[in-house]
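This report refers to the structure that appears directly beneath it.
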Amino acid sequence: MDIRFYNTLTNRVEPFEPIDSDCVRMYSCGPTVYDFAHIGNFRSFLFADLVRRTLEYFGYPVHHVMNITDVGHMTDDALADGAGEDKMAAASRRIREDKKSGKVPEGAVENPDDPYQIAQYYTDAFLEDARRLGLKVAFEYEDNILHATQNIDAMQDMIGQLIDNGHAYVGPDGVVYYSVESFADYGQLSGNTLDQLQAGAGGRVSDQDQANKRHPADFMLWKADPSHIMKWDSPWGTGYPGWHIECSCMARKRLGRDVIDIHTGGEDLIFPHHECEIAQSRGATGADAFARFWMHARFLMVEGEKMSKRRGNFWTVRDVLEGRATGRPVHPAVLRLELIKSHYRSNMNFTKKGLQDSAGIVKRLQELRTRLEDAAGQPADVGPDHPVLEAFGKALADDLNIAGAIGCVMPWASGDHPQPAESLAVLDRINSVLAVAPLAENDTAGQNAAADEPDVVSLCAAIDQARAQKDWTRSDAIRAELEAAGYDVKTTPDGTVAEKKLA
RNA sequence: GGCGCGGUAGCCAAGUGGCUAAGGCAACGGAUUGCAAAUCCGUCAUUCGCGGGUUCGAAUCCCGCCCGCGCCUCCA
């Protein structure tokens, strides 16, 4: 199968081939761990997961690496280049408050002044969210999810190489800057040129910092700052690394190549983050590429608007799963499907109604699985030439046409399955990509019934009893009670059953 | 100002030159039901942001315009 992906580097859909046949090497920009991850973060992470699973579907081994940014970068909008408040300090303040209000469990962060404890707290939360949503790489922590703070040496090595190669210099302020003019291809990824880049168009650079640079677009590699919360000794003074360097280093170190196959991230990372990564990596290695394919996911909207804390439509994964976003708990498989089901290069509109739609699909696939397992037990062998798998794969191979792929599955799922063992094998193959029926490897969190859940079995029995006595008022009242508690109630030949709604 | 992505039914969304414009959700009609739910059967875009052009033939190619979104040193 000819796999084709859109490559931001060339603005074209191109056939994908790994550089080395042994495996596909891909790197994804991961989360910062100063707060809980939101659904927009996960749209991007799950997009990377879909790329990975699609490649695996076609038989490629994939080595997927993701970073955890935990070095404590700066928050301030107005003063970039390492000014403003340290994000770790902001997180520390928030955790202190959350401890008081009981939002942070007892003993979770013993010392809110210890940035490593804060980072670990939010890293654990991220991994839990990621595993619940079926992000495969999260099950490979810590092998393939790397902490920036554990790779400072590699960053310093690369900064040294860049200085030696003439791509970096120490400014009059003692900060190590990358010289964008030393790298002819700077701007190739984003389509910018140094002439066209309007210095300070984002309104986040200060004249004072700019004065220390040779070119306004030069960016920081290392900043000596003994007052920074997280700091390390270096040849350029005790301080901390710039926020682009970690990815260049960790990709090279963990994937073991100067040139990798695929690099993913959110569209906002195209410039400056990925542009700078390319400049750093190629400046250090001398190779003519860093990643062959650059793939970016478009932003997520919420109910047609930009997601922002100010609008009140800013949702973390936990907010959605635990029901704070929609008023009802959402099954992780439903959120996963909702976040992967529209094309990655279009804006995704996250809506309550979309979640309902996704819940319907998840439910149908899970019911199909139950039906097939009851009928067949074990899956049979099935080749990739099965018509449904062929159509499913063809859609995915076409720049991840996920809606088309799902469109191939649903009519098949609704149809008759005279050979359940074969159908089960087909479903398994499909689910190796979708990962919604059943969800991922294990979803242990959130499965425990809450104490205030109704006693479903006895309420259903009460409905049957009332119906047997033709006490319709009573049976309808109990049914209404169950529905209000988030259950679908249905009448079957074996009596009334209630199932928890998935969203 | 520069660079890039997109606009198909009430909603999500395939289709990128040629059979009647996939699929899902919702809605509606019917079967079923004490009533529902679930299930099953059926209906649901003469038209693809707008206007031109190319062509035997355009949602698809070309030109112009309108609208939405992102980036241009916090950011998925």
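The sequence lines fix the lettering, A, B, ..., with proteins before strands; numbering per chain opens at 1. Heavy atoms only: backbone and side chains are in, while hydrogens, waters and symmetry mates are out.
Remark: B/G10 base-pairs with B/C25; criterion is Watson-Crick or G-U wobble with both hydrogen-bond distances under 3.5 Å. Summarising the base pairing, B/A45 is matched to no nucleotide, lacking a Watson-Crick or G-U wobble pair whose two defining distances lie under 3.5 Å.
Within 4.0 Å (heavy atoms only), A/Asp35 reaches no atom of the nucleic acid at all. Using a 4.0 Å heavy-atom criterion, one finds that A/His38 contacts the bases of the nucleic acid, with or without backbone contacts as well. A/Phe42 comes within contact range of no nucleotide atom at all, as no heavy-atom separation falls under 4.0 Å. Within the nucleic acid shown, A/Gly407 comes within 4.0 Å of at least one base atom, counting heavy atoms only. At the heavy-atom level, A/Gly40 lies under 4.0 Å from base atoms of the strands shown. Residue-level contact check: A/Ser475 touches the bases, meaning some heavy atom is under 4.0 Å from a base atom. When heavy atoms are screened at a 4.0 angstrom cut-off, A/Asp476 is found touching base atoms of the nucleic acid. Among the atoms of the strands shown, only primed sugar atoms or phosphate atoms (P, OP1, OP2) are found under 4.0 Å from some heavy atom of A/Lys341. Across all strands, A/Ile270 comes closer than 4.0 Å to no nucleic acid atom at all (heavy-atom distances).
B/G23 and B/C35 have their P atoms separated by 32 Å, with the value rounded to a whole Å. When the P atom is used for both B/C48 and B/C19, the distance is 16 Å, rounded to whole Å. Nucleotides B/G30 and B/G24 place their P atoms 22 Å apart, quoted to the nearest Å. As rounded to the nearest Å, B/C25 and B/A14 have C1' atoms that lie 15 Å from one another. Across B/U39 and B/A45, the matching C1' atoms stand 28 Å from one another, rounded to whole Å. The P atoms of B/C63 and B/G4 are separated by 14 Å, rounded to the nearest whole Å. Distance check on atom P: B/U47 versus B/A59 gives 11 Å, rounded to whole Å.
Between A/Asn401 and the phosphate of B/G15, there is a side-chain N or O to OP1/OP2 separation shorter than 4.0 Å. Distances shown here put a side-chain N or O of A/Ser342 below 4.0 Å from the OP1 or OP2 atom of B/A13. A/Asn347 has no side-chain polar atom (N or O) that falls below the 4.0 Å cut-off from OP1 or OP2 of B/C69. The shortest distance between the side-chain N/O atoms of A/Lys363 and the OP1/OP2 oxygens of B/A38 is not below 4.0 Å.
Rounded to an integer number of Å, the gap from A/Arg345 CZ to B/C3 P is 19 Å. Look at NZ on A/Lys306: it is 15 Å from C1' on B/A76, rounded to the nearest Å. Rounded to whole Å, atom P of B/A38 lies 18 Å from atom OH of A/Tyr487. For the pair A/Asp399 CG and B/U16 C1', the interatomic distance rounds to 13 Å; values are reported in whole Å. Remark: C1' of B/C69 and CD of A/Glu267 are 7 Å apart, rounded to the nearest angstrom.
The aromatic ring of A/Phe299 is stacked on the base of B/A76, with the two ring centres less than 5.5 Å apart and the planes inclined by under 30°.
Centroid-to-centroid, the aromatic rings of A/Phe36 and A/Tyr122 come within less than 6.0 Å.
In terms of polar N and O atoms assigned as donor or acceptor, the side chain of A/Arg479 comes within less than 3.5 Å of the base of B/A36 in a complementary pairing. Judged by distance alone, with hydrogens and angles left aside, A/Arg467 brings a side-chain donor or acceptor within reach of the base of B/G34, the pair sitting under 3.5 Å.
Although no hydrogens or angles enter the test, the distance criterion places a donor-acceptor pair under 3.5 Å between the side chain of A/Asn313 and the main chain of A/Ser308.
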Query - salt bridge (charged side-chain N to carboxylate O under 4.0 Å, His left out) between A/Arg52 and A/Glu140, intermediate numbers included - result: CA-CA 13 Å; A/Arg52 176 202 176 144; A/Glu140 297 164 354; 2.7 Å; yes
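Using cut-offs of 30° and 60° on the angle between ring planes, the pair A/His263 and A/Phe290 is perpendicular.
Counted by atom type alone, A/Thr32 and A/Lys87 present zero donor-acceptor pairs between their side chains at under 3.5 Å. No side-chain donor from either of A/Asp218 and A/His215 sits under 3.5 Å from a side-chain acceptor of the other.
Considering only side-chain atoms of A/Leu300, the nucleotide from B/G15, B/C69, B/A76 that sits closest is B/A76. Checked against B/G68, B/C3, B/C12, the side chain of A/Asn192 finds its nearest nucleotide in B/C3. Considering only side-chain atoms of A/Thr491, the nucleotide from B/G4, B/A76, B/A37 that sits closest is B/A37.
Toward the 5′ end of RNA chain B lies the nearest nucleotide of A/Gln356, the other residue of the pair A/Gln356 and A/Ser44 mapping further downstream.
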